[in-house]
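Residues take their numbers from the sequence shown, with the count starting at 1.
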Amino acid sequence: MGVIHKTNGRCFYCNRAGEVIDHFISKKKWREWGLDDTPMKGTLDDADNLFMACDKCNRKKSTKCPEDFIGNEFICWDRYKRANRRITK
């Protein structure tokens, strides 16, 4: 429920209908960056790291950093914060 609600069931990246759950920070990047699952850092599968994506964006993003995929760091993280606020209210 929470992951779908964050973007109203839409793709986080392009706003088409969401079809799959995507890791905002990919599994590969999570390991590369040493973001071990700890209580302070959260886990790979925490709701704040999961978003709906359409199949096309999910495939195109693959293991890219989200800001590289979106093409604008400010827009990327602003959208991330706004979406995650929806499930923490």
Side-chain angles (χ1 to χ4, degrees):
M1 162 69 178
V3 174
I4 294 169
H5 180 69
K6 289 196 295 186
T7 58
N8 296 319
R10 310 300 294 174
C11 176
F12 177 80
Y13 307 104
C14 72
N15 205 33
R16 287 191 288 253
E19 300 163 304
V20 297
I21 294 176
D22 178 58
H23 287 92
F24 185 71
I25 299 174
S26 71
K27 294 174 187 178
K28 182 179 178 187
K29 291 293 181 200
W30 193 273
R31 286 189 297 272
E32 282 178 13
W33 295 345
L35 299 175
D36 298 326
D37 293 348
T38 65
M40 294 301 290
K41 294 182 185 173
T43 67
L44 176 67
D45 295 322
D46 278 354
D48 62 346
N49 191 45
L50 300 173
F51 289 91
M52 295 302 296
C54 67
D55 283 330
K56 183 178 180 180
C57 285
N58 191 46
R59 281 192 311 274
K60 284 177 72 176
K61 178 181 168 272
S62 184
T63 61
K64 292 182 181 94
C65 298
E67 58 267 23
D68 290 342
F69 179 69
I70 290 175
N72 182 307
E73 187 173 344
F74 175 78
I75 290 172
C76 175
W77 290 103
D78 182 59
R79 191 181 299 173
Y80 171 89
K81 287 186 283 187
R82 282 186 289 121
N84 276 313
R85 265 186 289 207
R86 288 185 182 158
I87 62 167
T88 58
K89 285 186 177 182

Backbone of Phe12 reached by a side-chain donor or acceptor of Lys6 within 3.5 Å: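 Looks like no, no N/O pair under 3.5 Å.
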
For residues [X] and [Y], report the shortest heavy-atom separation together with the two atoms involved.
X: Ile25; Y: Trp33; answer: CG2-CZ3, 3.7 Å
X: Thr63; Y: Lys29; answer: O-CE, 3.2 Å
X: Ala53; Y: Asn58; answer: CB-CB, 4.2 Å
X: His23; Y: Asp45; answer: NE2-OD1, 2.6 Å
X: Phe69; Y: Cys57; answer: CZ-O, 3.8 Å
X: Glu73; Y: Glu67; answer: CA-CB, 3.8 Å

Straight-line distance of [X] [atom1] to [Y] [atom2], nearest 0.5 Å:
X: Lys61; Y: Cys54; atom1: NZ; atom2: SG; value: 12.0 Å
X: Ile4; Y: Ile21; atom1: CD1; atom2: CD1; value: 6.5 Å
X: Asn49; Y: Thr43; atom1: CG; atom2: OG1; value: 8.0 Å
X: Lys56; Y: Cys14; atom1: NZ; atom2: SG; value: 8.0 Å
X: Asp55; Y: Arg16; atom1: CG; atom2: CZ; value: 10.0 Å
X: Glu32; Y: Lys27; atom1: CD; atom2: NZ; value: 14.5 Å

Sole residue of Val3, Asp22, Val20 in side chain to side chain contact (heavy atoms under 4.5 Å, CB included) with Met52: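 Of the listed options, the one satisfying the test is Val3.
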
Side chain to side chain contact (heavy atoms under 4.5 Å, CB included) assessment of Phe24 paired with Asp48: CA-CA 8 Å; Phe24 185 71; Asp48 62 346; over 6 Å; no

Ring centres under 6.0 angstrom apart (Tyr13, Phe51):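 When the ring centroids of Tyr13 and Phe51 are compared, they turn out to be at least 6.0 Å apart.
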
